[in-house]
Number of protein chains: 2
Amino acid sequence: MSRIRSVPTLDDVAKKAGVSTATVSRCLNSPDRVVERTRTRVMRAVNDLGYTPNFGARVMAAKRTFTIGAIIPTMENAIFARGLQAFQEQLHSQGYTLLVSSTSYRPEIEAEQVRSLVARGADGLLLIGYARDAKIYQYLRQREIPTLIAWAFQPGTDQACIGFDNRASMQMLANKVISMGHRDIAVISGVVEGNDRAEGRLQGIIDGARDNGLDPEQIPIIETPYEIENGAKAFDTLMQRETRPTVVMCGNDVLAAGAIRRARELNLSVPDDVSITGFDDIELARILTPTLTTVHVPHREMGRRAAVELVKMVESDNPGLSEQLEISIKLRGSLKSLS
Amino acid sequence: MSRIRSVPTLDDVAKKAGVSTATVSRCLNSPDRVVERTRTRVMRAVNDLGYTPNFGARVMAAKRTFTIGAIIPTMENAIFARGLQAFQEQLHSQGYTLLVSSTSYRPEIEAEQVRSLVARGADGLLLIGYARDAKIYQYLRQREIPTLIAWAFQPGTDQACIGFDNRASMQMLANKVISMGHRDIAVISGVVEGNDRAEGRLQGIIDGARDNGLDPEQIPIIETPYEIENGAKAFDTLMQRETRPTVVMCGNDVLAAGAIRRARELNLSVPDDVSITGFDDIELARILTPTLTTVHVPHREMGRRAAVELVKMVESDNPGLSEQLEISIKLRGSLKSLS
DNA sequence: GAATCTATTGTAAGCGCTTACATTTGATTC
DNA sequence: GAATCAAATGTAAGCGCTTACAATAGATTC
């Protein structure tokens with residue numbers, strides 16, 4: 001590595017402006033501690049030289065990187081893409097930069113990613129959901145890295161989080177579905193292992209069924225990774241059972257999109273032959289034919305607020321507040337009342 | 001900011017292992033320059049103490065951050081989300097971390113983002129498309145920051161890039177459309193200003209029309225930001241003209257999705273009343289009803305290769321090679337032959 | 001066993017910045 | 001105009017690491 005950059009340093013600026021390095025530093029970091037005349041002179045020198053502070057040096061001296069790390073399952077799912085986009089925009093407007101890592105839904109590699117981001121000096125961390133090795137929490141506590149959990153809300157933990165109750169939300173949808181006369185429910189769930197959101201959603205359906213006098217044991221459940229194709233396959237399997245479900249509840253909109261596509265391929269009418277529901281309300285939901293009944297989650301809002309809260313935690317050293325967001329049921333064409 | 005982390009340092013490790021800091025550093029960075037017995041002892045001390053190198057210090061001393069910056073228009077468009085996801089995965093596997101910033105399609109804020117990422121020590125930069133202020137290129141050259149342009153391919157520049165020829169690709173699609181008997185073409189284009197990809201695609205349609213003896217001046221063109229709703233609105237407007245187009249060619253799949261949705265809302269049959277085409281072939285294209293005729297672009301592959309190439313540029317200090325990717329036309333239900 | 005050479009380890013000089021503390025400047029008061 | 005005080009600026013000590021160079025230890029040769 002022989003890159004030789006003759007980049008101007010604080011010293012150069014100081015010399016050029018005829019002041020000390022401390023003054024230059026102050027001009028940049030707390031301008032009000034420097035009298036206007038000096039400041040103007042210094043700023044001109046900065047511009048003339050095209051000076052940019054050296055990141056490493058700054059980090060070392062200030063112990064701050066103004067960098068926030070985020071570890072998400074994948075950017076390919078629109079919910080994370082949207083949320084992360086809003087998160088980044090908000091961070092940017094507060095002077096922070098986003099460091100991104102993804103697990104591709106493999107919880108076992110999260111620990112390493114946490115370490116990597118921390119080693120790179122992330123001032124704070126955004127993580128998705130609660131389910132993870134206790135060692136990770138322990139490490140973060142030991143290093144005192146402010147950490148915010150998003151996309152989930154679990155009252156009663158001391159961990160700051162921002163999100164919604166996946167279980168209660170899905171239960172609300174299940175209640176609605178059942179109230180519309182559906183008794184034969186089938187479920188296409190995301191992979192539950194290591195994914196508390198997926199698990200919560202699945203449990204929500206079971207809760208709803210039980211509360212309404214249905215036997216949860218009777219509900220066929222297929223667990224599969226969140227991908228359109230998998231939703232299609234699962235739908236296929238479910239439709240081959242002797243007693244066909246009247247509704248297929250999916251763990252998210254992506255699986256539901258797959259189910260709807262396959263229904264069309266099988267010449268089944270949605271919702272006349274079978275109803276389908278999703279979760280998340282990504283844009284896709286309103287473009288599908290028929291439009292998809294789903295649970296609306298304010299992903300952008302969640303991302304934005306997560307940024308605000310996390311920066312607050314980083315800058316004030318306080319443990320952070322948890323925040324629960326409102327969800328709502330979006331009744332659309334894919335769900336039909338049987339009564 | 002009173003965060004006090006009593007994190008172990010190189011010194012602590014050195015003391016514990018009874019060697020100098022230089023030896024510890026060597027154990028970590030070039031293990032073969034240290035004899036096994038010493039190394040074992042040092043590594044035990046590292047583990048016992050739970051030592052992690054301080055990022056800032058390392059950066060300052062080594063002049064490398066193992067961080068790559070990417071500036072994209074938005075993560076909310078699936079094409080960038082997918083590409084970026086693949087980019088990040090590949091970077092990760094090569095020991096780099098991804099720093100992300102987005103412009104929300106506002107070219108004027110890109111310069112600041114470039115500076116910000118460079119200031120944060122990005123070893124290299126990924127940018128989308130060519131169109132940007134010459135000052136940005138100048139700055140990057142002056143700082144000698146390896147930079148790779150993606151999502152576009154312009155032969156004849158010395159700037160390394162990886163992508164495809166938007167113009168030629170769209171022209172290919174236009175030729176196909178016209179060869180199927182369409183004469184009344186309308187266009188819903190993305191915003192061209194500051195976006196060479198959008199501009200290339202638009203020009204491609206014009207090229208195709210001209211080559212086939214159509215008058216490009218006669219083609220109604222609506223320029224609008226890449227959003228579903230905008231696609232819908234534009235479609236509306238186009239359908240109100242006295243001579244209705246037989247085909248609406250859209251600048252990307254998102255706009256096309258909006259157009260298809262609005263067609264349904266207007267009780268127009270696609271493709272019987274009007275054909276619609278897109279560009280990108282995001283997942284959505286195969287879920288729409290009817291499925292969307294579009295140009296397939298290997299976004300994941302592009303992201304992955306961009307990472308490989310960029311790391312190569314960073315590590316070998318060479319200018320980088322350009323690479324053109326293959327696209328293909330996907331003929332699906334939304335385009336009908338008139339002949 | 002002395003001389004020579006090589007592999008290993010240690011010493012210490014930065015890297016460029018922030019900031020506590022010291023000093024100087026300038027305004028304000030009497 | 002001297003005394004007092006606050007504001008502005010300067011001085012210099014790190015921050016934790018890498019690495020050029022120096023020193024030492026161990027192997028090899030004669």
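First the proteins, then the strands, lettered A, B, ... as listed; each starts at 1.
Contacts of B:V19 with the nucleic acid, taken as non-hydrogen atoms under 4.0 Å apart, involve only primed sugar atoms and P, OP1 or OP2. Residue A:T9 is in sugar-phosphate contact alone, with no base atom involved, counting any heavy-atom pair closer than 4.0 Å across all strands shown.
In terms of position on DNA chain C, the residue among B:A57 and A:V24 whose nearest nucleotide sits closer to the 5' end is B:A57.
When the P atom of D:dT18 is taken as reference, atom CE of A:M60 falls 11 Å away, rounded to whole Å. Regarding B:D11, its CG atom lies at a distance of 13 Å from the C1' atom of C:dT11, rounded to whole Å. Rounded to whole Å, atom P of C:dT18 lies 13 Å from atom CZ of A:R64. Put simply, CG on A:L10 is 7 Å from C1' on C:dG16, counting in whole angstrom units. Rounded to whole Å, the distance from CG on A:N29 to C1' on C:dA20 is 15 Å.
Between the two ends of the helix from C:dG1-D:dC30 to C:dC30-D:dG1, each summarised by a five-pair axis, the helix axis turns through 30° (rounded to 10 degrees).
Residues from residues 30-54 of chain B placing a heavy atom under 4.0 Å of any atom in DNA chain D, listed by number, are B:Y51, B:P53, B:N54.
Using modelled atom types, one finds no donor on one side chain facing an acceptor on the other under 3.5 Å when comparing B:T103 with B:Q113.
Taking B:F66 as the reference, B:Y96 meet the ring-ring contact (aromatic ring centres under 6.0 Å, His included) condition, with sequence neighbours excluded. Every residue meeting the side chain to side chain donor-acceptor pair (under 3.5 Å) condition with B:R300, not counting sequence neighbours, appears here in chain and number order: A:E76, B:E89. B:E301 is linked by a salt bridge (Lys or Arg N to Asp or Glu O under 4.0 Å) to B:R304, B:R305, counting only residues two or more places apart in sequence or in another chain. With sequence neighbours excluded, no residue satisfies salt bridge (Lys or Arg N to Asp or Glu O under 4.0 Å) with B:R197. Applying the ring-ring contact (aromatic ring centres under 6.0 Å, His included) test to A:Y105 and every residue at least two apart in sequence or in another chain returns A:Y226.
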If you look only at distance, which donor and acceptor atoms sit under 3.5 Å apart when one is on a side chain in residues 13-23 of chain B and the other is two or more places apart or in another chain?
residue	atom	partner	partner atom	Å
B:S20	OG	B:A22	N	3.4
B:S20	OG	B:T23	N	3.3
B:S20	OG	B:T23	OG1	3.3

Could you list the donor-acceptor pairs under 3.5 angstrom formed between side-chain atoms of residues 26-35 of chain B and any protein atom two or more places apart in sequence or on another chain?
residue	atom	partner	partner atom	Å
B:N29	OD1	B:R58	NH2	2.8
B:N29	ND2	B:S25	O	3.0
B:N29	ND2	B:S25	OG	3.4

For residues 153-162 of chain A, tabulate all N or O donor-acceptor pairs below 3.5 Å that involve a side-chain atom, not counting sequence neighbours.
residue	atom	partner	partner atom	Å
A:T157	OG1	A:Y130	OH	3.3
A:T157	OG1	A:Q154	O	3.0

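With hydrogens and angles disregarded, a donor-acceptor distance shorter than 3.5 Å links the side chain of A:D196 to the backbone of A:A131.
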Short N/O separations, protein against nucleotides 11-14 of chain D, under 3.5 angstrom:
none

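For residues 37-46 of chain B, there are no side chain to side chain donor-acceptor pair (under 3.5 Å) pairs, not counting sequence neighbours.
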